[in-house]
Structure formats: C-alpha cells, structure tokens
Amino acid sequence: MDWVSDNDEKDSDNFSWDTDENDKESPANSPEKALEAGPSQPSLYSHFIGMGFHRDMVEKAIKENGEGNVETILETLLTYSAIGSNTLSEHEDVLECEDAPERNPVGCSVTSDEDFFYDDLLDSDDSLDEDFKEGLPKKDQKLLTLVDMGFSPEEAAAAIDRCGVDSSVLELADSIHAAQMAEEPDGTGWGYSRPRFEAAEGSSYCSARKKRRLMEEKRRLKRSCLSQRRGDYVKRSSMDFEDAPMVIPKPMIGFGLPYEKCITRRTLPEAAIGPPYFYYENVALAPKGVWDTISRFLYDIEPEFVDSKHFCAAARKRAYIHNLPLENRFPLLPIPAKTIQEVLPVTKRWWPKWDHRTQLNCLQTCIASAKLTDRIRMALENSSDPPTPRVQEYVLAECRKWNLVWVGHHKLAPLEPDEVEMLLGFPNNHTRGGGISRTDRYKSLGNSFQVDTVAYHLSVLKRMFPNGINLLSLFSGIGGAEVAIQKLGINLNLVVSVEKSKINRNIVRSWWEETRQKGDLIDLDDVQQLNGDRLESLIKRYGGFDLVIGGSPCNNLAGSNRHTRDGLEGQHSSLFYDYFRILDLVKCIMGQSS
DNA sequence: CTCAGTATGAATGGTAAA
DNA sequence: TTTACCATTCATACTGAG
C-alpha cells in the first residue's frame, strides 16, 4: 500500500481541480536541489522555516553546521526541537505558534529545565569546536555534544550506556529526559516527539508558496481544535510517556479472529472518536519506538497487531491503528484455506516429507533468482535421497528466505504473481495487463494489504453504512482497501485515492470499471495535493468522508531493507506524517461543519 | 530508457543454555 | 540475569541485455 518507485511520470489527474494546477513544481526545482546547486542563505533559511522550525533555531543550526550540509542542519534542528520545541511558544508570538503545524501535536507543559535548555541552546557560544570533536572516538563525540546541549557528563554517559554508542543524539537526549522524569515524582510529562515536518526529503518539492497557503489554511481551521487538544493533553499524567515500550502480543491475533472469542469493547480516547473513522496500517516489526510514536500521533490508540497467517496461507505481520468498533466483525466468505498444500495443490505431489512448512513467510517485493533455484536443484541432485541433513538444512533455509514452493522433482520455484494475488485476497489478474511488467507486479503486490485481514476489521462498517461510504484512501497502492470494502458488499459512493505510482492508479481505475462501480473515483498522485482547501471543497461537495484509510510507506521500517532502514523519519516512511496531517485536517473540517 | 537478474546484512524478538 | 544462537523481514543498488 504505498509508493512504488520514483520513476513514474507525473500525469494530470482525471479530476480537474479549480486552482493550483500550475504551481506543481518538479523535483528539480525543489529547495533541496537549489541548495545543492549553490549556497544561498535566504533559501536555506526559508527552507527550514517553511518546515516549521523556529527562525532562531534555524539561524543557530546553520551557523553551527555551515551552509553546505543540509542533512546535519536538519539533524541539529530535530535535536533542538525534541529538547526545546515545547518551550517555543513561550518565546514566540501567538500567530507564529499556531502557525507551526509541524510541531509536536502533543502540546505539552513547560518545565523550567526545558527553558534552561532552550535558552542555553540559543545563547551559548562556547560549544566545543567541531574539528576537535571529529578526532575523538564516537562515544566521546556524542558525550561532548550532549554536554554542549546542557546535560551533565554523568547523565550523558549513563544515556550512552543505556542506549548504546550508536544511538542518535536525539535518542540519547530523549533517554536523559525520560530518566529525569522518572526521578522526579512530580515531574511534568513532556511529550517527546520530533517536530512533524512535512518536508523530509520525500515531500520537499512542495513549494514554499503552497506550504504557506497550507499553513494559513491550517491556522484558520485548527485554531480552535488545537487549543482544545492542547488542553486535553496537558491534563494527561506523565505516566503516558513512561509506559514500557510497545510489546507485540503473542499470538498476533489482534482483538480476535473470526469464529473465535474476541475482545469486543475498548475505550477510545476522546480525541480519537470519529467521525470520520480511520484505519492506519504498517509493518509490525518496525524499529524500536516507531509504533510508540505512531500511536502517540494517532490519538494514543493501541495498535492492533495481526499476522495474516490466520487469514491466509502466508504470514504478514502488521499493525493497524483504527477507531472502528469491534463488535460484530465478520469475515469475507469463502474463508481462504490456510495451508500451502491446500492453496497450491500442484505442489503437494512434489513436497518432500522433510519439508515441514505448511505456511509461507511474508510475501515481499522481490523473488528468488533462477540461479539460486538452480543451485538448490544441483545440491539436491548431488545428494542422497532423502538428502543429507546438511543439504536439507540449506534447502529449507533458502525456501524460507525466498518463499519457494515445490514444482517438480528437486525443483523449487518462487510464487507466480497470480498466486501472490490469490494469497493476498485480490481477484485473479488484478495486477495483470495494462503494460505492467512482472517485476512491477511483484513490487505492487508485495506492498499491499492482505484483503481478508483488512476486510475483517472493516466489516463493522456494513451495518453502520447501509447506503455506502465516502472513502479517503491514502497510499492506495493497488487498492487493497477498495477491494476489501467492495468484497464486503459496501457501496463506494466516493473514493478519493492518493497514489504516487501511475501503474497502481491504472490498476485501481481498471478494477473500478471492471466492477462497475457507480460512485466517483478521484485519483491524485501526491498527498501534498490534499491541502486544507481541497479537502474542504471535497468535504463540502460530498458531505464528508466516512473512512480515512491508508498504510504509509514501510520502506524505511521494513526489516528486509539493508540500506535505508532509517525509521519513521526516513525519506519514504516519514510520509506517515502526511497521513496524520490529512486525517487531522479532515477531522477538523468535519468537526466544524457539524 | 525499461526490465530482469543478482548480490547485498542488520535490526529485532524469540528461545534456550549458561 | 546474561549470553548465545536462531528465524524472520510490505527492500536497495548495481549490472547488463535489449
């Protein structure tokens, strides 16, 4: 359910908006690129201001890091924000304060300590020189940075011991704060979070003008909502922030499985209650702290951890945060078989006794190469029958790693795209045709929902909306949400679908036509297009959204990413903040009109 | 340019032994 | 309680053919 590749051309939407069509900027014109082209202080300055950072912070961060390194400036700003952003409002005029939508949504109380940190950050000119630091071991560098930031050497050292020398300065600062809070029985909780900057790299092509307009819109819309919410959060006890880190329940069955005993009641925080309903999805096994952060943004709702192996023959460990009721869920029929041998009967004939797998591992975006399967074939040919334990071990490890199935004597193969479609609950040939390549099918499917799992959670909507729903679907991918809702027999009166990949948009649109949908399908290619204006006009025209659904990009969270598993702040995964931004805007706009 | 093929670990959590 | 070992994982980057 997310973004697939960067190589999709921008095309015009099928829906023509009344404004703003021409100030879409190409990535080449992004502020980021402009920076790389040559140093220009005003542009750099306004770039970060545009992201919602305070001007004093930006000035200081640029001074400290030099103009050249955007990356380190950003890191510095994030660090400042994590430590001191909550005090910002104390130093700023009201307008600016409300104007900073990217700031921590959990408005927090202010302690004198934090004031101290912030003042110190702004005023101290006596920090150690960076050249000197570079010559030191990593641990000492971090230690000095933390001391520079106003922490005591003891605190800093303890934090490095706790979190490890490879932790970011931000994490270390966070840890020290947590420790301080724990020591202080009456300490006021502070809502740790990085500022919600929309413009991590992935979204930085939003023009400054657009951003300003968006901010104006937000300021207008959010003034009342924000003050209300801040009030709510300040009331919360510091306990909320000292909770043990998120633990993934075992077995991973969420609030319950079909035809089994389920949890049917829960208490949602006031701020979480709809309309609209919302449903957010991402990988369960994200780096530490990611789900804590996501949950905190999504109104403190506890994630529902579910492994789709309970719904189909392949594992898919995912977490879902939603505000849907839990009573009277029902599954899609027919219930899919849950073993490989049942689902792929042709494999049964060749399946050796010593391969005890009955289910597949997670369906991913890449498949095993022919070379690998041939190596395995050779290994089996050259072994005895049954193969030696050593060969068995090797073969089984590769089978599990690459989800291989038996298609002949000594012959293993990856799943076909059709089979992946079937396992994920999509109609046959859902991703086939329209010029899509085989690799792209795997990629789009690997990023998708498991339809039966999602449909089970969404089934409660059927009774509530007998006349159908208006759906806002973000990071739609190949339309897992739309397919699930359609299979549940819920009419789709309106679907606003945001998906970066043109290939995926085509898939959804042809599905829309094949299933003879009566409603309106509006597809957009960029979440940034959904600003306050557009949402307001859509909501006015169609009477609001009943469900906001989406699974934001997991690229930087997924375990299989060897290169850029950067967490929630990663280039793609930071689009989560756009999910939150849009959901919050929808809530505010709909809350106002009712 | 697209497409297919290929090599490329580490973070995380579980379990059992020390 | 600590340590070691094991299994799993919505991926990225590069290459070469067409």
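Letters go in sequence order (proteins before strands), and every chain restarts at 1.
- At C:dA11, one or more side-chain N or O atoms of A:Q364 fall inside 4.0 Å of OP1 or OP2 (strictly under the cut-off).
- Shown here, C:dC10 forms no base pair; nothing in the strands shown gives a Watson-Crick or G-U wobble contact with both key distances under 3.5 Å.
- Comparing C:dT12, B:dG13, B:dA7 against the side chain of A:S369 picks out B:dA7 as the nearest.
- Not a single donor-acceptor contact under 3.5 angstrom links the side-chain atoms of A:R438 to the base of B:dC3.
- Within the 4.0 Å cut-off from OP1 or OP2 of B:dG5, not a single side-chain nitrogen or oxygen of A:T439 is found.
- Across all strands, A:C366 comes closer than 4.0 Å to base atoms (heavy-atom distances).
- Atom OH of A:Y442 is separated from atom C1' of C:dA11 by 16 Å (rounded to the nearest Å).
- Side-chain proximity of A:K317 to C:dT8, B:dG5, B:dC3: nearest is C:dT8.
- For A:K309, the NZ atom counts as loosely surrounded, since its 6.0 Å shell holds 12 or fewer non-hydrogen atoms of other residues, nucleotides or ligands.
- The side chain of A:N555 places an N or O atom within less than 4.0 Å of a non-bridging phosphate oxygen (OP1 or OP2) of C:dT12.
- Distance CD (A:Q571) to P (C:dA11): 16 Å, rounded to an integer number of Å.
- For the pair A:W402 CH2 and C:dA7 P, the computed distance is 17 Å after rounding to whole Å.
- Here the P atom of nucleotide B:dT2 and the CZ atom of A:R441 are 20 Å apart, to the nearest Å.
- Spacing between atom CG of A:L360 and atom P of C:dT9 amounts to 10 Å, rounded to whole angstrom units.
- Within 4.0 Å (heavy atoms only), A:R400 reaches sugar-phosphate atoms of the nucleic acid but no base atom.
- A salt bridge is defined here as a Lys NZ or Arg NE, NH1 or NH2 lying under 4.0 Å from an Asp or Glu carboxylate O, and A:K371 with A:D374 fails to meet this definition.
- Of the side-chain N and O atoms in A:K250, none sit less than 4.0 angstrom from OP1 or OP2 of B:dG14.
- The aromatic rings of A:Y279 and A:H457 lie tilted to each other, with the angle between the two planes from 30° to 60°.
- Following rounding to the nearest Å, A:R565 (CZ) and B:dG9 (C1') show an atom-to-atom distance of 11 Å.
- Side chains of A:T431 and A:R441: a donor-acceptor N/O pair is present below 3.5 angstrom, by distance only.
- Of the residues near DNA chain B, A:P287 and A:I367, the one whose nearest nucleotide (by heavy atom distance) lies more toward the 5' end is A:I367.
- More than 12 heavy atoms of other residues, nucleotides or ligands shown are found within 6.0 angstrom of CZ on A:R266.
- Separation of the P atoms belonging to B:dT6 and C:dC10 is 24 Å when rounded to the nearest angstrom.
- A donor-acceptor pair shorter than 3.5 Å can be found between the side chains of A:Y577 and A:E569.
- Summary of the strand contacts: A:I436 and A:H563 both lie near DNA chain B, and taking for each the nucleotide with the nearest heavy atom, the more 5' one is attributed to A:I436.
- Protein atom CG of A:L557 is 9 Å distant from nucleotide atom P of C:dC10, rounded to whole Å.
- Distances shorter than 4.0 Å separate none of the side-chain N or O atoms of A:R562 from OP1 or OP2 on C:dA13.
- A:A397 comes within 4.0 angstrom of nothing in the nucleic acid, heavy atoms only.
- The shortest distance between the side-chain N/O atoms of A:N561 and the OP1/OP2 oxygens of B:dA10 is not below 4.0 Å.
- Listed nucleotides C:dT9, B:dG13, B:dT8 differ in distance to A:K288; the shortest reach to its side chain belongs to B:dG13.
- Spacing between atom CG of A:L575 and atom P of C:dC10 amounts to 18 Å, rounded to whole angstrom units.
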